[in-house]
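Everything on this sheet refers to the single structure shown next.
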Protein chains: 2
Amino acid sequence: MYKLKSLLKSLYRYNKKCLERKIMDIMEKFLETIEKNNLIEKNEKIVIGVSGGPDSICLLHLIWRLRKDLNIEPFVVHLNHQFRGKEAKKDEKYVEEFCQSLGVKLFIFSYDVSKYSSEKGISFEVGGRELRYGLFHKVAKQTGATKIAIAQNRNDQAETVLMRLIRGAGLDGLTAIDYKRDGNIIRPLLDISRKEIDDYCEKNALMPRIDKTNLEAIYTRNKIRLELIPYIEKNFNPAIIEALWRSSNLLKEDNSCLNLLTEEELQKVVAQKNNNQCLLSKKKFDRLHIAIKKRILRRSIKQVKGDLKDIGFTHIENILDLIHKKNVGSRLDLPGHITVQLGYNSIDIKNNKALEKKNFDFNYKLNIAKTTYIKELSASIKLEIIHGSDINDNTKNLKTAFIDYNKVSGDLTIRNRKRGDRFKPLGMRGSKKIKDYFIDKKVPKEIRNKIPILCDEKGIIWVIGYRMSEEYKVDNQTKKMIKITYMEGCLEN
Amino acid sequence: MYKLKSLLKSLYRYNKKCLERKIMDIMEKFLETIEKNNLIEKNEKIVIGVSGGPDSICLLHLIWRLRKDLNIEPFVVHLNHQFRGKEAKKDEKYVEEFCQSLGVKLFIFSYDVSKYSSEKGISFEVGGRELRYGLFHKVAKQTGATKIAIAQNRNDQAETVLMRLIRGAGLDGLTAIDYKRDGNIIRPLLDISRKEIDDYCEKNALMPRIDKTNLEAIYTRNKIRLELIPYIEKNFNPAIIEALWRSSNLLKEDNSCLNLLTEEELQKVVAQKNNNQCLLSKKKFDRLHIAIKKRILRRSIKQVKGDLKDIGFTHIENILDLIHKKNVGSRLDLPGHITVQLGYNSIDIKNNKALEKKNFDFNYKLNIAKTTYIKELSASIKLEIIHGSDINDNTKNLKTAFIDYNKVSGDLTIRNRKRGDRFKPLGMRGSKKIKDYFIDKKVPKEIRNKIPILCDEKGIIWVIGYRMSEEYKVDNQTKKMIKITYMEGCLEN
């Protein structure tokens, strides 16, 4: 890393004229933020999102001034949102001229953001953000840039904290905007106030464009900026922006500590995971602090769902309730085809939509007096010989069946259904296709392939969780039985 | 613990009449809060602070209804603040009659809170709180009560969160009001809203007193309650109370997790501690996460100071800066006579006022070629023989001296000053009383007893940190020297 002090000296030599004219400069603060949060390294290419407003123009100008000392190269991306007609065209023109005057390469794009957003059923803000970030990444790839700089300031930070609190956020939400996210999105203006930015633009005669819609208290954020914050400044704390910004920085530290701890514990608690399923050890999970439990659940859901959209505090509370109640086999459906099921010694979080697409088959040979683990189902099956025919089963919450030992021919196996499978359901005379049985029982298509079936060499003994076969049932002639115990939600041990 | 469900059944039998009249009851919610947070055990005596307002009357009534089922006994404490004249007298009368009607024992006190507060230079609110809590504890002691119940509700909680955020609090501040504090202060109404309490009072015809000063937007809290919250309810989120209450409960979990972690780490990091001094291992401290570092510093300061009054975020930042800069010996003065000094391998946090009162003496015999630890000063002194008279000292940040080996008589010792001590300061002809030397050098009285003095059997060699003696100095006749290294802020190893 470069040394801040020596860099500043060199910069001030470079900008001697400014100093001579005694222009107040935010460069020192800007560099402190960059250094403290490791935002920019020497020799990087940086994409900068520039609307033409004071924030992004100030950001571009500051980075541009550092280009020689840090040997960095800025690339500007401007998106014309086609929303404010002539004004938008003027913004575009201004950014073009500004970049030309600095000798910075510019990428201009134009999209009908209103159309895009309404087609996707999202708000104009969310649509605009989606498009902009997509373009930033595209240009970064094209130019080989390793950072994307976004112009959000201390006031944006404070407004976001307040907005999130009003909605009732947790620690994660209250930390608001990050200095650095995903390793390459950086926000180096986050410690600088709107006032400082306006002053900077004025004193350097940058003449940024003013977005008039920012001055209308129509959106929640604008209302917070233009009404709520001035009200609090006047009546409660004139330094509210500073206070909120400080709070969010303190909360960021706490959040980062808890996230690190969660990461450590997650390594220990996760028994199996892939993109569609996450299996947690119930025993290890139980020992954790509630704050870490909640974070682990959120991370696991994110892992299998891809995001945390529509997953609220209540869902997490409900999962904890499910786990607390200890009813093995009970399950909870969450938005986005996610289910959480309490297994024998595991918590099973999975994405059913993704799993259903997966074409999987399994087939295990079973041994009497042994337990076999079926990895595909995270389940175990146990076979025991029992003499006599007296069925006395105290096993709760497990799927158990008893069959006549002498009716079994050859090896026992457990597998999923095959084309043409038939069996004679208990209590029925004739035999039936498994497919028709599933249809009759209204078993959802997507789970049919995952239902385990116990067989011997002659045929199907038990459609586990559904029906035994008539052919293997215990009767008053039975001398010797096999007790079959099927346990869902098991960890392999 | 009692079982909530069975308790509720019995309660509803007991309150059958209410149910028949279909009175909406907050008892279930109340019991849930009590159970979840372990607030009340069976067979306890409970002191309840009762002003006569809806909150405390509702609290008393709810606890009173539980008296038989939980075998608990309530004792009411009422303080007449002598502030609202006739109104205060009416409040007192009302509480008296209410307690009589329930058959609950009442303790009435009367203080001029305005006078008390202005004499102590504190606000009326703070003064009133000090007096009330003092009385609660007094009555608890007198009656053998193990809990003190305070009537704060969900709205109080939400208002506090907002008030703290406006001031710029960290996680600890934003968790606002605790369900349980110090093991015996409990707040069982914290999940119940002001509206629910008002409804309860009305439906049970309890006729509580209304404190009119609560309806005037003069104090910050009243202003938040009567202006800011209604404004947010109208313009941003009608469920703001619920949202803030949820936030603070989420933050409480996170805070409790971080506090537990801090407690664990604190055990490892603290090398020595008593009520006036806390010595942390620098090496172990350096490895911790910033969030834990800050908490450990706050706890250590609280330990030696008694509280955290006047200790702000900036002080903690300054201590971290001090540690980060690694200048051994550098120190920082904090409010309340607290100093933080960076030692050789320690961080030394102490209360100088308390230490100065302590009358301590020390006297250690030293061995050449050995290091001696002086517990009273958390310091070490090392003596080495060096041949020749060439003083070549590269030891930075340490107090070092060289003396002529042959000028020393008998054993070397290190001790604090004694009455009548004299020495001949380096470069001076005559000798001087140590006391006068300290006065001349303007050494603060409170630290004079703690200044280490190196002696042999003849006299004083070095007033460490101040002046060598003329009598032992190295000259061109010197053949053999003793190098003395004094290290402050050392851990004994």
Side-chain angles (χ1 to χ4, degrees), chain A residues 158 161-175 217 220-221 223-224 227-229 231-233 235-262 265 288-295 312-314 316-317 320, chain B residues 158 161-175 217 220-221 223-224 227-229 231-233 235-262 265 288-295 312-314 316-317 320:
Chain A
V161 175
L162 209 52
M163 196 159 74
R164 299 266 174 90
L165 189 80
I166 285 173
R167 286 184 193 152
L171 188 55
D172 212 42
L174 292 178
T175 61
T220 303
R221 178 179 289 278
K223 241 174 136 165
I224 285 181
E227 293 178 4
L228 184 55
I229 288 189
Y231 173 77
I232 294 175
E233 275 172 342
N235 290 284
F236 296 97
N237 182 3
I240 178 70
I241 295 291
E242 172 87 15
L244 291 171
W245 166 83
R246 190 174 62 216
S247 276
S248 89
N249 277 352
L250 285 168
L251 297 179
K252 257 177 202 150
E253 290 171 353
D254 288 341
N255 200 34
S256 116
C257 183
L258 286 169
N259 284 342
L260 279 173
L261 194 62
T262 303
E265 296 294 345
L288 299 172
H289 189 280
I290 177 95
I292 303 297
K293 280 181 178 170
K294 288 187 170 176
R295 282 181 158 75
F313 300 122
T314 323
I316 303 295
E317 292 286 350
L320 287 172
Chain B
V161 176
L162 208 53
M163 196 159 73
R164 300 264 175 92
L165 190 80
I166 286 174
R167 287 184 194 155
L171 187 55
D172 211 43
L174 292 177
T175 60
T220 303
R221 180 179 288 278
K223 242 175 137 164
I224 285 180
E227 293 178 4
L228 183 55
I229 288 188
Y231 173 77
I232 294 175
E233 275 173 341
N235 289 283
F236 297 97
N237 182 4
I240 179 70
I241 295 290
E242 172 86 15
L244 291 171
W245 166 84
R246 190 174 62 214
S247 275
S248 88
N249 276 351
L250 286 167
L251 296 179
K252 257 177 203 152
E253 290 171 352
D254 288 340
N255 200 35
S256 116
C257 183
L258 287 169
N259 284 342
L260 279 173
L261 194 62
T262 303
E265 296 294 346
L288 299 172
H289 189 281
I290 177 94
I292 303 297
K293 279 182 178 170
K294 288 187 171 178
R295 282 180 159 75
F313 300 123
T314 322
I316 303 294
E317 292 286 350
L320 287 172

(message) Closer than 4.0 angstrom, basic N to acidic O: yes or no for B:K294 and A:D254?
(response) no
(request) Select one option (side chain, backbone, both, neither) describing which atoms of A:R246 are under 4.5 Å from chain B's heavy atoms. (result) side chain
(request) Give the member of B:A239, B:G170, B:S256 that has the highest number of heavy-atom pairs under 4.5 Å with chain A. (result) B:S256
(message) For A:L251, which atoms come within 4.5 Å of any heavy atom of chain B: side chain, backbone, both, or neither?
(response) side chain
(message) Between B:L244, B:L228, B:L260, who has the most heavy-atom pairs with chain A when the cutoff is under 4.5 Å?
(response) B:L228
(request) Measure A:L261 against the heavy atoms of chain B and call it side chain, backbone, both or neither at under 4.5 Å. (result) side chain
(message) Between A:I166 and chain B, with a heavy-atom cut-off of 4.5 Å, which part of the residue counts as in contact: side chain, backbone, both or neither?
(response) both
(request) To the nearest 0.5 angstrom, please state how far the CD1 atom of A:I290 sits from the CG atom of B:L250. (result) 9.5 Å
(message) Is B:I224 close to chain A through its backbone or its side chain, or both, or neither, when contacts mean heavy atoms under 4.5 Å?
(response) both
(request) Kindly indicate whether the side chain of B:N255, heavy atoms from C-beta on, has any atom under 4.5 Å from the side chain of A:L171. (result) no
(request) First locate atom NZ of A:K223, then atom CG of B:N235, and finally report the distance between them rounded to the nearest 0.5 Å. (result) 4.0 Å
(request) Examine whether an atom of B:L165 lies under 4.5 Å from a heavy atom of chain A, and if so say whether it belongs to the side chain, the backbone or both; otherwise answer neither. (result) both
(message) Given heavy-atom pairs under 4.5 angstrom as the criterion, report whether the side chain, backbone, both or neither of B:R164 touches chain A.
(response) neither
(request) Can you tell which part of A:N249 gets under 4.5 Å to a heavy atom of chain B, answering side chain, backbone, both or neither? (result) neither
